[in-house]
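Along the sequence shown, residues carry numbers from 1. Read the numbers this way: they start at 1 and go in the same order the structure lists the ligands and their atoms. For the numbers below, each heavy atom of this structure counts, side chains included, while hydrogens, waters and symmetry mates do not.
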Amino acid sequence: MNKCIFCSIIKKEINASIVYENSKVLAFNDISPISPKHIIIIPKIHIKSTNEIDQENCHVISEIFEIIPTIAKKNGFYNNGYRIVNNCGNDGGQTVEHLHFHLLGGRSFKWPPG
Ligand code: AMP
Ligand code: ZN
């Protein structure tokens with residue numbers, strides 16, 4: 001496996017602005033935010049993308065979604081709402097090959113996106 005930047009953040013080899021951590025999940029501020037609050041949530045096990053989710057590892061999805069309301073409350077956008085984005089592969093715009101969800105808050109978003 002090539003060096004994975006998100007695995008390096010999990011191992012604390014690279015600094016990140018961590019907003020939530022438990023034994024299974026890590027959440028940190030995106031380095032290039034597209035909204036006032038832009039948080040990346042990742043499983044602590046390396047899964048390349050949504051395409052690699054299977055019966056064995058799919059528990060990480062519920063572990064991630066379970067903590068989203070807590071993160072939203074802590075960061076002040078629980079009441080106004082937020083957007084969750086997952087990019088998969090080239091056409092999806094995925095640039096980091098470690099499964100992650102963008103949690104975007106602090107402004108309103110259009111639907112459908114431009
Ligand atoms: P994606 O395009 O869905 O793969 O999103 C990857 C996201 O990770 C981008 O929004 C980047 O700004 C963000 N990112 C990349 N490296 C870091 C880092 N070292 N710390 C925080 N966020 C990062
Ligand atoms: Zn990784």
Side-chain angles (χ1 to χ4, degrees):
M1 194 209 310
N2 286 335
K3 195 103 176 131
C4 169
I5 191 158
F6 286 177
C7 281
S8 298
I9 289 174
I10 293 164
K11 289 187 233 152
K12 310 280 161 74
E13 293 166 356
I14 291 179
N15 280 333
S17 167
I18 292 171
V19 299
Y20 183 92
E21 181 167 18
N22 67 24
S23 60
K24 309 255 176 65
V25 173
L26 185 68
F28 50 89
N29 288 312
D30 196 291
I31 207 164
S32 308
I34 64 158
S35 54
K37 298 285 179 178
H38 184 165
I39 294 164
I40 298 287
I41 313 176
I42 61 174
K44 285 192 170 177
I45 55 169
H46 181 87
I47 298 170
K48 189 176 163 198
S49 78
T50 301
N51 277 348
E52 281 70 40
I53 294 169
D54 58 25
Q55 252 192 330
E56 247 176 57
N57 64 24
C58 65
H59 58 92
V60 302
I61 304 303
S62 58
E63 282 149 10
I64 285 171
F65 274 75
E66 193 187 338
I67 55 104
I68 284 175
T70 304
I71 295 175
K73 271 180 200 157
K74 236 169 109 178
N75 287 273
F77 53 86
Y78 176 88
N79 286 324
N80 280 351
Y82 44 87
R83 179 165 291 180
I84 299 163
V85 174
N86 168 250
N87 300 323
C88 179
N90 279 341
D91 280 1
Q94 183 176 8
T95 59
V96 177
E97 292 192 332
H98 181 126
L99 177 69
H100 56 278
F101 293 86
H102 298 256
L103 179 56
L104 305 165
R107 71 169 169 94
S108 63
F109 293 90
K110 280 193 250 155
W111 188 263

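Counting the atoms of ligand 1 from 1 in the order shown, those under 4.0 Å from a heavy atom of F28 are 21 (C), 22 (N). Against a heavy-atom cut-off of under 4.0 Å, H100 is close to the following atoms of ligand 1: 1 (P), 3 (O), 4 (O), 5 (O), 6 (C). For ligand 1 and H102, the ligand atoms under 4.0 Å from any heavy atom of the residue are 1 (P), 3 (O), 5 (O), 7 (C), 10 (O). For ligand 1, the atoms lying closer than 4.0 Å to a non-hydrogen atom of S32 are 12 (O). Distances below 4.0 Å separate heavy atoms of T95 from the following atoms of ligand 1: 1 (P), 2 (O), 4 (O), 5 (O), 6 (C). Ligand-side atoms of ligand 1 in range of F6: 8 (O), range being under 4.0 angstrom from any heavy atom. The distance from ligand 1 to the heavy atoms of N87 drops below 4.0 Å at these ligand atoms: 1 (P), 2 (O), 3 (O).
Residue E97 places every heavy atom at 4.0 Å or more from ligand 1.
Here A16 has no heavy atoms under 4.0 Å from ligand 1, in either its backbone or its side chain. Residue-level proximity to ligand 1 for F101 is absent, since no heavy atom of it falls below 4.0 angstrom. When non-hydrogen atoms are compared, ligand 1 lies under 4.0 Å from the backbone of N29 (N, CA, C, O) but not from its side chain.
Taking the side chain as every heavy atom from C-beta outward, N29 and I39 approach each other to under 4.5 Å. With contacts defined as side-chain heavy-atom distances shorter than 4.5 Å, the pair I84/I41 does not qualify. Within the 4.5 Å cutoff, the side chain of N75 has no heavy atoms near those of the Y82 side chain. Proximity of K24 to E66: side-chain heavy atoms (C-beta onward) are nowhere separated by under 4.5 Å.
A donor-acceptor contact shorter than 3.5 Å is absent between the side chain of H100 and the backbone of N87. Checking side-chain atoms of K74 against main-chain N and O of Y20 turns up no donor-acceptor pair under 3.5 Å.
At a 3.5 angstrom cut-off on N or O pairs, I40 does not count as close to ligand 1.
Here Y78 sits alone; no ILVMFWY side chain lies under 4.5 Å from its own, so it joins no hydrophobic cluster.
Closest to the Zn ion (ligand 2) among the N, O or S atoms of H46 is ND1.
More than 12 non-hydrogen atoms from other residues, nucleotides or ligands lie less than 6.0 angstrom from CG of D54.
Taking each heavy atom of P43 and H98 in turn, the nearest pair found is O-NE2, 2.9 Å.
Between atom 9 (C) of ligand 1 and the options N15, D30, I5, the minimum heavy-atom separation is to D30.
Atom 23 (C) of ligand 1 has as its closest protein heavy atom I31 CG2, 3.6 Å.
Counting only residues at least two apart or on different chains, the side chain to side chain donor-acceptor pair (under 3.5 Å) pairs with a member in residues 34-45 are E21-K44, D30-H38, H38-H102.
In this structure, ND1 of H98 and SG of C7 enclose an angle of 110° at the Zn ion (ligand 2), rounded to 10°.
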